[in-house]
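For reference, the structure discussed in these notes is given below.
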Amino acid sequence: MDARLNFYGSPLAIKFAKHINSAGKAVSDSTLPAATQELVKIRASQINGCGFCTDMHTKDAAHAGETSVRLNLVAAWREARVFTEAERAALELTEQGTRIADAAGGVTDEAWADAAKHFDEEQLAALVSLIALINAYNRMNVIVQQPAGDYTPGQFG
């Protein structure tokens, strides 16, 4: 399968990517735990059906030492005992933040309060920013049908 558009070869897209990647650097440099960041990116990408991002972030997480058990259970995190309470709160916020169109009320007060128990204000800002950012990346890749499977950890940085 080939992408519909060589999005990453377009001068406009490259300019756009520079800006969006800068936003991503602000999040990756935050105190939000790196493992949580990868779990959030993986779960949003699974929900959105973004093979490219799911491939990238599962490989990056594994390369950083994440276990195959945890990676294999991200989609079923509610039933899995391998995630911390903080990670579970982040995954719930990710799901609700990703599925905004599916829920009339958006993110529930309960999901927000649970996340706020585990993360300080700066970490919450990073978490919200990350959820928005990965959803943007997912949408770009799904729209152009960016192929998945060929990513090598560290390929883009």
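Nothing fancy with the numbering, it's 1 onward along the sequence. No experiment lies behind these values; they were computed from the predicted model shown.
Listed here is the closest heavy atom pair of Ile42 and Ala61: CD1-CB, 4.3 Å. Across all non-hydrogen atoms, the minimal contact from Ala126 to Val27 is O-CG1, 3.8 Å.
Between Cys50 atom SG and Ile143 atom CD1 the span is 10.5 Å, to the nearest 0.5 Å.
Applying the salt bridge (Lys or Arg N to Asp or Glu O under 4.0 Å) test to every pair with at least one member in residues 116-144, sequence neighbours left out, gives these pairs: Asp114-Lys117.
Taking the salt bridge (charged side-chain N to carboxylate O under 4.0 Å, His left out) definition, one finds that Glu38 meets it with Lys41, sequence neighbours left out. With sequence neighbours excluded, no residue forms a salt bridge (charged side-chain N to carboxylate O under 4.0 Å, His left out) with Lys15. Thr54 is linked by a side chain to side chain donor-acceptor pair (under 3.5 Å) to nothing, counting only residues two or more places apart in sequence or in another chain.
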Compile the donor-acceptor pairs under 3.5 Å between side chains in residues 16-26 and protein atoms, sequence neighbours left out, one pair per line.
unit_1	atom_1	unit_2	atom_2	d
Asn21	OD1	Tyr137	OH	2.2
Asn21	ND2	Ala17	O	3.1
Ser22	OG	Lys18	O	3.0
Lys25	NZ	Asp29	OD1	3.1
Lys25	NZ	Asp29	OD2	2.8

Which side-chain N or O atoms in residues 147-154 pair as donor and acceptor under 3.5 Å with protein atoms at least two apart or in another chain?
unit_1	atom_1	unit_2	atom_2	d
Tyr151	OH	Asp60	OD1	2.8
Tyr151	OH	Asp60	OD2	3.1
Tyr151	OH	Gly154	N	3.2

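Glu66 places no side-chain N or O within donor-acceptor distance of the main-chain N or O of Ala35, the cut-off being under 3.5 Å.
Ion pairing between a basic and an acidic side chain is recognised when a charged N comes within 4.0 Å of a carboxylate O; Arg43 and Glu87 show no such pairing.
The shortest side-chain heavy-atom distance between Arg78 and Glu95 falls under the 4.5 Å cut-off. Side-chain contact between Phe83 and Leu73 is present, with at least one heavy-atom pair separated by less than 4.5 Å.
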